[in-house]
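Keep in mind that the numbers below use all heavy atoms, side chains included, and drop hydrogens, waters and symmetry copies. Just so we're on the same page: letters track the sequence lines, and every chain starts at 1.
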Protein chains: 2
Amino acid sequence: MTTSVAPTRRVLIRQRTRAEILDAAWEQCRRGGLASLNLRALGAAVGMKAPSLYTHFSSKMEIYDAMFAQGYTAALAALPLYAGERTKPAVEQGIRDSVTRFIAFCLADPVRYQLLFQRTIPGFVPSEASMRLAYENLDRGRQLLVLLGLHAPEALDLATSVITGLVDQQISNDPGGDRWVRLIDDMLDMYLTFAIRRWCAPARRS
Amino acid sequence: MTTSVAPTRRVLIRQRTRAEILDAAWEQCRRGGLASLNLRALGAAVGMKAPSLYTHFSSKMEIYDAMFAQGYTAALAALPLYAGERTKPAVEQGIRDSVTRFIAFCLADPVRYQLLFQRTIPGFVPSEASMRLAYENLDRGRQLLVLLGLHAPEALDLATSVITGLVDQQISNDPGGDRWVRLIDDMLDMYLTFAIRRWCAPARRS
DNA sequence: GTCTATATTTGGATAGAC
DNA sequence: GTCTATCCAAATATAGAC
């Protein structure tokens, strides 16, 4: 316990080196795809040899895990909790903004999207700490829907489904373009109209 | 030209061997993931050594390509052209059936889905012949929507987006379960209601 | 904390005998 | 057409010197 009291200069340097390595790792993945992460090249990019990386990360998978945690932390930052009025039109607009921002966040870095939201790295299993960030993220989406009166778990599942569907198609079939991005407003109209009618039970009917 | 007149016994045997290899390749991928395809193990599975595979396929990527073509051929078979009545309710039911069948086809073999509909194998680029099968598949979806009066390209893009979104979420977050499969009918209600209102211009407006 | 050297594994592909 | 023998090229990870 006493060890963490004084944030030594040495510790700060280590943290900076770690951050540099992760930056280089992102850069390398963006260029060659998520699976292309390579310790020799990564070492070279930060001016060291591959074995030296093991001073900072105990394995390649731990690097992926740190990237995973960074990505979800960024996602949470991109989706602040809604703090506007609680009137229905305001909340609905808040949701529209959040979803639009979330999709922009995803498309801004397809490799990050792949790491965070698809299961594509063979041996990679996120640590518990990282998974907590992921759950927190999903929960933020849930809270948004609750503000609209959408408490049903199905409402959230359908929402994640239409959002990731749109992002996936955009990335897979029109990378860098806007063929699906253009459909965001239609998608939101479609989803909100349906979800509110289906799960918001205006009076007491099922 | 004259060479293809007589389908020799030798040729038939070659075709059977090819088919055996591909079956084993699917099996191997289903077990270890799409990227796990390995020529030594594949050879062993069909009772030969790795180099012998090169008699039948000129490279590993050519095996993926053959699997890709097989997969899309199966997809086309799973989605026969609609041949029922042309009344609107009948056509709409036909679409619902087709989509439901298509989703079942996708979920029946997640590895196949990954190969056909996601970009996940590093160096793999489908051949032109294989791509034609992929386009033919998409076109079948387009034809279905046209029967409903949905000619807008956006209607097709939104449809592929909601369908793949549902499949992706099911595979990624509840493999083998039905958490998203249960939402198929809701998803169809949502999409069809919206798409018809949005793009079917009942009178001459917009 | 970083290096050199190396172990270890893996896996695609080719040459040439049979 | 299939084999054995090999080549070649990654790439992760460890040992031990400095």
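- Regarding B/Gln28, its CD atom lies at a distance of 12 Å from the C1' atom of C/dG11, rounded to whole Å.
- For B/Phe194 and A/Tyr191, the gap between ring centers reaches or exceeds 6.0 Å.
- As judged by a 4.0 angstrom heavy-atom cut-off over every strand, B/Arg10 is placed among residues making no nucleic acid contact.
- In this model, the phosphate group of D/dC3 is approached by a side-chain N or O of B/Ser52 to a distance below 4.0 Å at OP1 or OP2.
- For the residue pair B/Ser161 / A/Gln169, no side-chain donor-acceptor distance below 3.5 Å is found, with atom types taken as modelled.
- Here the C1' atom of nucleotide C/dA13 and the CE atom of B/Met48 are 16 Å apart, to the nearest Å.
- We find that A/Asp23 and A/Arg16 are not joined by a salt bridge, their nearest charged nitrogen and carboxylate oxygen being 4.0 Å or further apart.
- Cation-pi check for B/Arg112 over B/Phe105 is met; the charged atom lies under 6.0 angstrom from the ring centroid and within 45 degrees of its normal.
- Taking the six-membered ring where the residue is Trp, the centroids of A/Tyr113 and A/Phe102 are separated by 6.0 Å or more.
- Side-chain contact of B/Ser52 with B/Thr55: a donor-acceptor pair under 3.5 Å is absent, judged by distance alone.
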Distances under 3.5 Å only, N/O to N/O: pair up the protein atoms with those of nucleotides 9-12 of chain D.
residue	atom	partner	partner atom	Å
D/dA11	OP2	A/Asn38	ND2	2.6
D/dA11	O5'	A/Asn38	ND2	2.8
D/dA11	N9	A/Arg40	NH2	3.4
D/dA11	N7	A/Arg40	NH2	2.0
D/dT12	OP1	A/Leu37	O	3.4
D/dT12	OP1	A/Lys60	NZ	3.0
D/dT12	OP2	A/Leu39	N	3.0

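- Set against D/dG1, C/dC3, C/dT2, the side chain of A/His56 has C/dT2 as its closest nucleotide.
- The CG atom of B/Leu42 sits 13 Å away from the P atom of D/dT2 (whole-angstrom rounding).
- Atom CG in B/Leu12 sits about 17 Å away from atom C1' in D/dG1, given to the nearest Å.
- Rounded to whole angstrom, the span from the CD1 atom of B/Ile63 across to the P atom of C/dG11 amounts to 14 Å.
- As rounded to whole Å, 12 Å separates atom P of D/dT2 from atom CZ of B/Phe57.
- Proximity of the aromatic rings of A/Tyr135 and A/Tyr72 is defined here by a centroid distance below 6.0 angstrom, and this criterion is not met.
- Of the N and O atoms on the side chains of A/Asp168 and B/Gln118, not one donor lies less than 3.5 Å from an acceptor on the other residue.
- In this structure, the separation between CG on B/Leu76 and CZ on B/Arg140 is 5.0 Å, given to the nearest 0.5 Å.
- A/Lys49 places its NZ atom 12 Å from the C1' atom of C/dA5, with the value rounded to the nearest Å.
- Residues of residues 121-130 of chain A having a heavy atom closer than 4.0 Å to DNA chain D: none are found.
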